[in-house]
Each structure stands twice: as C-alpha cells, then as structure tokens.
Amino acid sequence: MRSPSIGRRTRQAYPVLLLVAALAAGCGAPAGRADRWQEPSPVATAAQPADPAPPAASSSAAPSPARSDVKRVFPVRSGNVDYHPTHGGYPGTDVFADCGEPVVAVTDGVVLEVSRVDRFDKRGPRGPNNGGLSVSLLGDDGVRYYGSHLSAIAAGIDAGVRVRAGQQLGKVGRTGNANNVCHLHFGLSPKCTGTDDWWIRRGVVWPAPYLNSWRKDGNRSPVAEVTAWQRKHGCPTSPGRSTGSG
C-alpha cells in the first residue's frame, strides 16, 4: 500500500529542472527494437539471465473492458521524491528518487513484461534498450503502466503474475540510458503489440496530472485519456507515427 511518507520531503528536494536537462539526451532518445519484460520478496539483479519473451499480443483498437473502481497509488515509495511535468521527445515523466527506493505497482493488475538484463549500449540501437531493467503492468483499468531504469526487479515479478496496488516491483536505479541519474521513467499507454511496441510502451499521454493526484492520495484515472489516444492513433507499428519524436 502507499506509504504515508509520499508527498513529504524529509530531505532537500531534487533540483528537478537541472536533472531534466541532464536527462534530455537519455530517456528521450529515439531508436530501434523492444525491451524484454517480466511479487516481491528477495530482489533479482541485472546479472540474471533473460527470461523468455511472452508471445506478442495482437493489436487492438482500444483497451479491453476494464474495472472502473480500481485504486491507484504513487509509483515510488519514498519521502524524498520529485518529478517534472515535461519530458524530452515524448510524453512521460522521470520520477527522481534515491537509487534503491521501492518502485511499486500503481494499481491491481497483471505483469505484462519484465526486463531483468540491462542491454543498453550507447552505440545503439537505443530505442528498445533505453529502459534497462524495467516492468510493465496491465492494470485492471485497462491502462498499461511502465517503469524503467530499475536497479533490481523483485523476485517473483514475472509475466502473467498478478499484483496488487502498492506491491513492490523493484527498486529505483539508473540502468539503461539514464545518464547515471537515479530515477524511475514512468509511462502510460494502451496495451498494443506486447514486446514489439517500445515506442508506445514508454508513454503516450502526460503522466504528471495523474501523479499529482496519486501523490496526494487521490485516484485520478488516466483511462479516458489513454482510450482517446488509442481511438485516434490505433497501435502505430513503428516509432515516429503519432508518437512524438522517436
């Protein structure tokens, strides 16, 4: 469940604008293939071998019928956390917190994909591997919630596993194209083609208004905005088509 400490700063807040500038060439960098994906207890590290990729799901015109009564919580459980409403290149939010802070499921749902190995190489391709260690979750509300740059994935967090709001998925880190800055890249999107749509999974609508609500124990829903985006754009089969730069 969501820690009551979220929303308070026990230490000096991060200099967000400077960090955002430092990350402009990181999370926002475009390019190539798809991140591979996969409940908590002991944590697993980047040294573990990659898990087999789940079969890619077919494209759909809109999120499948979903619950409207779901609870949502802030994705990082920390008293020293900050973020900026904008992001380089495409809609997303970088949530700044110390490396090792818990990253949790925003809502009840099923894990879609997990990447336990950091395959990022600055020589490329960057797009599919920018996230480093990462987890995507299909919420019971039909929205896909994505978090990346983790330092570790919690053991038992695998594709197909059911999780609850506030359950630990991993830890804040700086894997992938994080420019050596500890943070969680957070994205909202519809579920489209599974492991082959990194340009959608990384985020298609701005998360900040929803994060603002969840941080104050609100429950603002991104369903309407995500559904509207998908009705307009469908599931683009390559980056650059109605998905921002990259």
Worked verdict on His185 versus Arg202 for side chain to side chain contact (heavy atoms under 4.5 Å, CB included) = CA-CA 8 Å; His185 172 79; Arg202 66 187 182 180; 4.2 Å; yes
Could you go step by step and tell me if Arg162 and Asp108 meet the side chain to side chain contact (heavy atoms under 4.5 Å, CB included) rule?
-> CA-CA 8 Å; Arg162 183 157 185 83; Asp108 297 354; 4.0 Å; yes
What do the steps show when you test Leu169 against Val104 for side chain to side chain contact (heavy atoms under 4.5 Å, CB included), and what is the final call?
-> CA-CA 5 Å; Leu169 303 178; Val104 303; 5.7 Å; no
Test Ser189 against Arg144 for side-chain hydrogen bond (donor to acceptor under 3.5 Å, both in side chains), laying out the working first.
-> CA-CA 5 Å; Ser189 66; Arg144 175 168 50 180; 2.9 Å; yes
Could you go through the side chain to side chain contact (heavy atoms under 4.5 Å, CB included) check for Phe186 and Val76 one step at a time?
-> CA-CA 10 Å; Phe186 182 73; Val76 177; over 6 Å; no
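The CZ atom of Arg174 sits 4.5 Å away from the CG atom of Asn180 when rounded to the nearest 0.5 Å. Separating the OG atom in Ser151 from the CG atom in Asp98 is a distance of 11.0 Å, to the nearest 0.5 Å. Atoms CG and SG, from Asp197 and Cys235 in turn, are 7.0 Å apart once rounded to the nearest 0.5 Å.
Distance alone, capped at 3.5 Å, is enough to place a donor-acceptor pair between the His149 side chain and the Thr175 backbone. A donor-acceptor pair is defined here as one N or O able to donate and one able to accept, closer than 3.5 Å; no such pair exists between the side chain of Asp118 and the backbone of Leu133. With Ser78 contributing its side chain and Glu101 its backbone, the two residues share no donor-acceptor pair below 3.5 Å. Using a distance-only test at 3.5 Å, with no hydrogens or angles considered, no donor-acceptor pair links the side chain of Ser115 to the main chain of Ser134. Side-chain atoms of Asn219 come within 3.5 Å of backbone atoms of Val70 as a donor-acceptor pair (strictly under, hydrogens ignored). No donor-acceptor distance shorter than 3.5 angstrom exists from the side chain of Trp229 to the backbone of Pro190, with no hydrogens or angles considered.
Here the shortest heavy-atom pairing between Pro75 and Leu184 reads CB-CD2, 4.0 Å. Contact record, Tyr210 with Leu188: CD1-CD1, 3.8 Å, taken as the closest heavy-atom pair. Across all non-hydrogen atoms, the minimal contact from Trp206 to Pro85 is CE3-O, 3.5 Å. When all heavy atoms of Val81 and Ala97 are compared, the pair lying nearest together is CG2-CB, 4.2 Å. Contact between Val103 and Lys171 at its shortest, heavy atoms only, is CG2-C, 3.9 Å. Counting all heavy atoms, side chain and backbone alike, Gly166 lies closest to Arg77 at O-NH1, 3.2 Å.
Ion pairing between Asp140 and Arg164 fails under the 4.0 Å rule for side-chain N and carboxylate O.
Between Phe96 and His183, the ring planes lie tilted relative to each other; the angle falls in the 30° to 60° range.
Not counting sequence neighbours, the partners of Thr93 by the side-chain contact (heavy atoms from CB on, under 4.5 Å) test are Tyr83, Val95, Pro207, Ala208, Leu211. Checked against side-chain contact (heavy atoms from CB on, under 4.5 Å), Lys122 has the following partners two or more places apart in sequence or in another chain: Phe120, Arg126. With sequence neighbours left out, the salt bridge (charged side-chain N to carboxylate O under 4.0 Å, His left out) criterion links Arg220 to no other residue.
Residues Leu137 and Val163 form a side-chain contact, since some pair of their non-hydrogen atoms from C-beta on lies under 4.5 Å apart. Contact check for Lys191 versus Ile200: no side-chain heavy atoms found under the 4.5 Å cut-off.
Screening Asp141, Asp217, Thr107 against Arg72 for a side chain to side chain donor-acceptor pair (under 3.5 Å) leaves a single residue, Asp141.
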